[in-house]
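Notes follow the structure.
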Amino acid sequence: MATSATAHAHAAPQGFIRKYIFSLDHKVIGLQYFFLALTAVWVGMFLSLLMRIHLIFPAASLPLVGEIKPETYLSLLTMHGTIMVFFVLTTAPQGGFGNYFLPIQIGAPDMAFPVLNMLSFWTTFVGFVVILAAFFVQGGAPLHGWTGYPPLSALQSAGPGEGLGADLWITSIAIFCLASLMGALNFLTTTLDMRAKGMTMMRMPLTVWSWFITAILGLLAFGVLLSAGILLLMDRNLGTSFYVPLVVVNGQIMGHKGGSPLLWQHLFWFFGHPEVYIAILPGMGVTSQILSTFSRKPIFGYKAMVYAMLSIGFFGFMVWGHHMFMSGMSPYSAFAFSLLTMCIGVPSAIKTFNWLGTMYKARIRFQTPMLYAIGFVSLFVSGGLSGPFLAQPVLDIQLHDTYFVVGHFHLIMGVAAIFGMFAATYYWFPKMFGRMMNETWGRVHFFITLIGTYAIFMPMHYLGIAGGTRRYSQYTEVAYLTKLMPIHQFMTYAAIITISAQFIFVINLFWSMFKGPKASDNPWESTTLEWTTTTPPPHDNFGA
């Protein structure tokens, strides 16, 4: 152990560029990831706001954007999904907080491969620039949805944005995959090799376990998506036929035959389902940590929590077919996928009851991080309860193309993961910046955001049960859908209020960085190692 530690020691950087831009220090890299995700989340939120406005005022001409045509709407939808899933939900919890706190929590001086760590951030950054470039090229951003199903995504002539825009979209995701693979290798090696003496696996904080398991999922899932993306680029530009059968577009036979669009669905969702756990697991870890700290007692059922996370990771790779019940798969396969999907509910329920058990009869301190952790549990349960419905092929076939699905995955994977990030930000801010965030505005932000997210995403379930189709840019043309417009209006107004409330968070964040009250080394009286070192932590975390 001592040998590996000395091998990793690198001197504190001197110049500005080495210190803040191409830094090898995991703490600086963690902050870079955090601010990248913060930028991306504003872009993604802005796109969703444009969609919501368009849905209730289809003819409105907006400043800067102009009139939103149906194809513009579809490219907003595609880019919103892609930016949020990759550059926010995967980047902040794992790249941001994971990079910053995993080494400190296991008593390591840095990550195992500092240079690889720096490369993984800058590769992610390039991926983000490439996806933003898709907005500005000839034909604009792609409109094939964040899932990129062929043949729509595999033919250059399939629609506006399916030319260079779609190529940039696929390239960006491929670059992101490379970055995530580098990051995952680093996380695994650090956790297995760099733990301090006496820090056994079963003594690690649950946050470390969640980042570790997320890294395993990332290592297995991103490789599949990378290869799938390369094949799609080849279909689009080199004339191969991996995904494209014999198709006729606008009366012209395309020069492809023998490919299978279903192959893409299998490869994509084999990545896509583990991806939703990559987004949510770090949130579960940080929630466990915070509930325990603010309940003033150890987490209830530590070992059960570890095994529950491991089994979520394990089952996460066995359920991808539940995204494909509509594809005409054999009822026997559908039954197997349905059964395995129900199985994932078990470890999730174990975690939920252990969280409740931690808070049971505790002297709870309701500070902002605690509120967000409780909010996470609430959203996780509410979003999770619609899961078993969608796991039944007979119900999913009715609900699949409706807003029911949108409501389900936004609650459980979107907003729940975001609440985990908010909890982590309010909780670790004093350690990262040496100052406290404003408690009052933190609470105001919490309550508006919690009520707001429920007001946006709960009605989506009712829309879906009423047959409100998703991915349509306009509902005013169809008689039975016009009756549902009041729900859309309600959701849009809720979204406008909730998005406005996020300014409170950003102002609180940046104001507190410079003007917040000075924080002690351990303001929350927490028991993990990051609170034993000085604030902010020195270059090698523990001052040798």
Side-chain angles (χ1 to χ4, degrees), residues 23 25-41 84 86-108 110-111 117-118 120-121 124 179-180 183-184 186-188 190-191 194 204-218 277-294 309 368-370 372-373 375-376 413 415-434 437 442 505 509 512-513 519 523-524 526 528-531 533 535-537 541:
S23 172
D25 184 352
H26 70 98
K27 296 181 286 297
V28 179
I29 296 170
L31 289 175
Q32 288 174 320
Y33 267 117
F34 177 79
F35 288 117
L36 176 70
L38 195 64
T39 313
V41 82
M84 289 301 211
F86 291 100
F87 295 98
V88 182
L89 299 180
T90 316
T91 301
Q94 188 73 355
F97 296 112
N99 251 321
Y100 198 112
F101 287 104
L102 180 131
I104 313 185
Q105 288 198 332
I106 59 173
D110 202 312
M111 291 291 265
N117 205 9
M118 173 184 81
S120 67
F121 168 74
T124 308
S180 300
N186 214 344
F187 273 70
L188 293 178
T190 308
T191 313
M194 305 273 294
M204 298 194 309
L206 287 169
T207 38
V208 177
W209 268 108
S210 70
W211 292 318
F212 177 64
I213 294 166
T214 302
I216 299 173
L217 296 182
Y277 291 107
I278 288 172
I280 200 78
L281 276 169
M284 292 175 163
V286 85
T287 297
S288 307
Q289 177 70 57
I290 291 174
L291 290 180
S292 149
T293 301
F294 290 88
M309 279 199 286
T368 313
M370 184 61 165
Y372 270 104
F376 174 92
M413 162 176 123
V415 205
I418 296 269
F419 265 57
M421 288 177 224
F422 280 140
T425 307
Y426 282 104
Y427 178 65
W428 277 319
F429 185 90
K431 186 49 69 175
M432 296 195 286
F433 298 105
M437 284 178 78
F505 171 73
L509 185 78
S512 303
M513 260 180 226
W524 313 120
S526 187
T528 45
L529 284 177
E530 76 270 31
W531 305 102
T533 175
T535 302
N541 297 343

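Throughout, numbering of the chain's residues begins at 1 and tracks the sequence.
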Please lay out, stage by stage, how Gln94 and Leu281 fare under the test side chain to side chain contact (heavy atoms under 4.5 Å, CB included). CA-CA 9 Å; Gln94 188 73 355; Leu281 276 169; over 6 Å; no
Mind checking whether [X] and [Y] have side chains closer than 4.5 Å, heavy atoms only?
{"X": "Thr287", "Y": "Phe419", "result": "no"}
{"X": "Pro282", "Y": "Phe97", "result": "no"}
{"X": "Leu188", "Y": "Phe212", "result": "yes"}
{"X": "Tyr33", "Y": "Ser120", "result": "yes"}
{"X": "Phe422", "Y": "Phe376", "result": "no"}
{"X": "Thr535", "Y": "Pro430", "result": "no"}

Suppose we screen for ring-ring contact (aromatic ring centres under 6.0 Å, His included). Which residues come up paired with Phe433, at least two apart in sequence or across chains?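 If we apply the ring-ring contact (aromatic ring centres under 6.0 Å, His included) test to Phe433, skipping adjacent residues, the hits are Phe429.
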Please assess Met421 against Val41 for the test side chain to side chain contact (heavy atoms under 4.5 Å, CB included), listing each intermediate value before the final yes or no. CA-CA 12 Å; Met421 288 177 224; Val41 82; over 6 Å; no
Exercise: do [X] and [Y] side chains pair donor with acceptor under 3.5 Å:
{"X": "His26", "Y": "Asn541", "value": "yes"}
{"X": "Lys27", "Y": "Asn99", "value": "no"}
{"X": "Thr214", "Y": "Tyr277", "value": "no"}
{"X": "Ser526", "Y": "Tyr427", "value": "yes"}

How many angstroms lie between atom [atom1] of [X] and atom [atom2] of [Y], to the nearest 0.5 angstrom?
{"X": "Gln105", "Y": "Thr207", "atom1": "CD", "atom2": "OG1", "value": "3.5 Å"}
{"X": "Asn186", "Y": "Leu102", "atom1": "CG", "atom2": "CG", "value": "9.5 Å"}
{"X": "Met84", "Y": "Ile418", "atom1": "CE", "atom2": "CD1", "value": "6.0 Å"}
{"X": "Met309", "Y": "Ser288", "atom1": "CE", "atom2": "OG", "value": "6.0 Å"}
{"X": "Ile106", "Y": "Met194", "atom1": "CD1", "atom2": "CE", "value": "7.0 Å"}
{"X": "Phe187", "Y": "Ile213", "atom1": "CZ", "atom2": "CD1", "value": "13.5 Å"}

Please test Phe87 against Thr124 for side chain to side chain contact (heavy atoms under 4.5 Å, CB included), starting from the C-alpha separation and ending with a verdict. CA-CA 8 Å; Phe87 295 98; Thr124 308; 4.2 Å; yes
To check you understand the geometry: which heavy-atom pair defines the closest contact between [X] and [Y], and what is its length?
{"X": "Pro93", "Y": "Trp211", "result": "O-NE1, 3.2 Å"}
{"X": "Gly98", "Y": "Pro103", "result": "O-CD, 4.0 Å"}
{"X": "Leu291", "Y": "Ala373", "result": "CD2-CB, 3.9 Å"}
{"X": "Ala417", "Y": "Leu89", "result": "CB-CD2, 3.7 Å"}
{"X": "Val286", "Y": "Ala424", "result": "CG2-CB, 3.9 Å"}
{"X": "Tyr426", "Y": "Met437", "result": "CE2-CE, 3.6 Å"}

Sub-3.5 Å donor-acceptor pair from the side chain of [X] to the main-chain atoms of [Y], do we have one?
{"X": "Thr368", "Y": "Ala423", "answer": "no"}
{"X": "Gln289", "Y": "Leu206", "answer": "no"}
{"X": "Lys431", "Y": "Thr533", "answer": "yes"}

Does the gap between the ring centers of Trp428 and Tyr100 come in under 6.0 Å?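 Not under 6.0 Å, so no.
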Picking from Ile29, Asp25, Val28, what satisfies side chain to side chain contact (heavy atoms under 4.5 Å, CB included) with Asn117?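 Only one option passes, and that is Ile29.
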Could you walk me through whether Met284 and Trp209 pass the side chain to side chain contact (heavy atoms under 4.5 Å, CB included) test, one step at a time? CA-CA 10 Å; Met284 292 175 163; Trp209 268 108; over 6 Å; no
